[in-house]
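One structure is given here, and the rest of the page talks about it.
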Amino acid sequence: MEITQENRKWLDDLQLTHPVVIAGPCSAETQEQVLSIAHSLKDTDVSYYRAGIWKPRTRPGMFEGVGALGLKWLERVKEETGLKIATEVANKDHIELAIQHNVDMLWIGARSTVSPFIIQEIADALEGTDKIVLVKNPVNPDLALWIGALERLQRANIKKLGVIHRGFSTYEKTKYRNIPEWQLVIELQSRFPQLPIICDPSHITGKRELIFEVSQTALNLNFDGLMIETHSTPDEAWSDAAQQVTPESLVQIMQDLRIRRRTTDEEAFQSTLQQLRAQIDILDEQLLDILKKRMEASDHIGKLKREVNVAILQNKRWNEALERMLQTGKEKGLSDEFIEKLFKAIHQESINRQESVFRN
Ligand code: PEP
Ligand code: MN
């Protein structure tokens, strides 16, 4: 698959000096709610107004969206505020209705991207239209599945494409609702440099306090835009209450963000440097996470050794492990000196921690 300049024309045509902002509530709830949020976003940097009409909820019995009725409210938003409108579609009926109501931008939700059958149905229904279609990443970190969805849309002749990074679900509890796995997105960017990429910090974080920092990371990585869930009374929202911000906070977030533009010529160096530094920051954080897990495993061994009363330092095991690390390090182009220093430090820290387990 090839993503060309043509695929990002819809974005370039906006001629923005800042990342494109898509904002609005997680779900359309009432006509009044939809219109009042839209009016508060009217004279801001927001270009597209989002609202979910059909909501894919994890469990039945939760609020599943107002359905087609909400499309009339979105059309009023467009008439009254001039904002362009966006909603999630998950089957051919949604697409037919969204087209009838002049929705400008359609996005495919994370739970749909995982299913090639759904994506094919969507692609077939979109064939011959000129809608902007943004594909959210699948819930699981599978780059091929994400790219596969783009390929199906391309084969249906959809030209105005883009992706939304909304994080990946994990079994493990983390500070995020859906972990960003930035390295996967960086890979997508390097394979398709022209592909418009939007970050959805609302679904990544699950909490409004973290939205700023995730948005900043996205801009450091040269994302083209942000989709941020916005509600006049977030705590009372019918879905995703904890992650929605007020229109006032949204404006503040946009003011505080440092914008890194794609640049050419003399600024290209600075821009690449920033991007590489942002990657390094992310990798360093991952290193710390791995070190934490490594220490927890060795604490656990410490406890086991105490229970059966064996010595902490097991020389044979350590020498073998170090030998193995030197060998693997060599294969990865890492010097013996570095590997030895690094693993001696890690090993020493493990011993210190196990000793403190023995003392306590
Ligand atoms: C949404 O944007 O409200 C939504 C349901 O998102 P996701 O598909 O990322 O869960
Ligand atoms: Mn939501």
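Indexing begins at 1, ligand by ligand and atom by atom, following the structure's order.
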Ligand-side contact atoms (ligand 1) for residue partner [X], heavy atom cut-off under 4.0 Å:
X      : value
Trp107 : 2 (O)
Arg111 : 7 (P), 8 (O), 10 (O)
Cys26  : 3 (O)
Gly109 : 8 (O)

| query | Gly52 near ligand 1, heavy-atom distance under 4.0 Å? | reply |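 Under 4.0 Å: no for Gly52.
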| task | Could you tell me if any non-hydrogen atom of Arg50 lies under 4.0 Å from any atom of ligand 1? | result |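 Yes, Arg50 has heavy atoms under 4.0 Å from ligand 1.
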| message | Checking contacts here: is it the side chain or the backbone of Lys55 that comes within 4.0 Å of ligand 1, counting heavy atoms only? Could be both or neither. | response |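 Looking at Lys55 and ligand 1, just side chain atoms fall under 4.0 Å.
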| message | Using a 6.0 Å cut-off, check whether atom CD of Glu323 has over 12 heavy atoms from anything other than its own residue. | response |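 Counting other residues, nucleotides and ligands, CD of Glu323 stays at 12 neighbours or fewer.
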| request: Rounded to the nearest 10 degrees, what's the angle OE2 of Glu229 makes with NE2 of His203 at the Mn ion (ligand 2)? Could you check? | output: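 Between OE2 of Glu229 and NE2 of His203, the angle at the Mn ion (ligand 2) is about 90°.
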| request: Take Ile339 and Asp336 through the side chain to side chain contact (heavy atoms under 4.5 Å, CB included) test and state the conclusion after the steps. | output: CA-CA 5 Å; Ile339 295 290; Asp336 284 2; 5.8 Å; no
Note the single closest protein heavy atom to [atom], along with its residue, its atom name and the distance in Å.
atom                   : result
atom 9 (O) of ligand 1 : Arg166 NE, 2.6 Å
atom 6 (O) of ligand 1 : Lys136 NZ, 2.8 Å
atom 5 (C) of ligand 1 : Glu88 OE1, 3.6 Å
atom 8 (O) of ligand 1 : Ala110 N, 2.9 Å
atom 4 (C) of ligand 1 : His203 NE2, 3.5 Å

| Audit row: Met254, Leu250, side chain to side chain contact (heavy atoms under 4.5 Å, CB included) steps and yes/no | CA-CA 6 Å; Met254 293 189 304; Leu250 178 74; 4.1 Å; yes
| said: Taking distance alone, with N or O pairs closer than 3.5 Å, would you say Asp200 contacts ligand 1? | reply: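 Asp200 vs ligand 1: no N/O contact under 3.5 Å.
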| field | N or O contact, Asp240 vs ligand 1, cut-off under 3.5 Å | value |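 In fact, backbone or side chain, Asp240 has no N or O that close.
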| said: Test your reading of the model: is there a side-chain donor-acceptor pair from Ser27 to the backbone of Glu29, 3.5 Å cut-off? | reply: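 A pair under 3.5 Å: no.
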Can you tell if the side chain of [X] reaches within under 4.5 Å of the side chain of [Y], non-hydrogen atoms only?
X      : Y      : result
Val139 : Arg111 : yes
Leu221 : Ile186 : yes
Arg8   : Leu11  : yes

| request: Considering only NZ, NE, NH1 and NH2 on the basic side and carboxylate oxygens on the acidic side, decide whether Glu96 and Lys92 come within less than 4.0 Å. | output: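 Looking at Glu96 and Lys92, the cut-off is not met.
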| message | Tell me whether Glu320 is salt-bridged to Lys316, with the criterion being a basic N under 4.0 Å from an acidic carboxylate O. | response |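 Yes, charged N to carboxylate O under 4.0 Å.
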| said: In terms of relative ring orientation, are Phe223 and His165 parallel, tilted or perpendicular, with 30° and 60° separating the classes? | reply: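 Aromatic pair Phe223/His165 classed tilted.
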| said: To make sure I understand the geometry: which N, O or S atom in Asp240 is closest to the Mn ion (ligand 2)? | reply: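 Considering only N, O and S atoms, Asp240 comes nearest to the Mn ion (ligand 2) through OD2.
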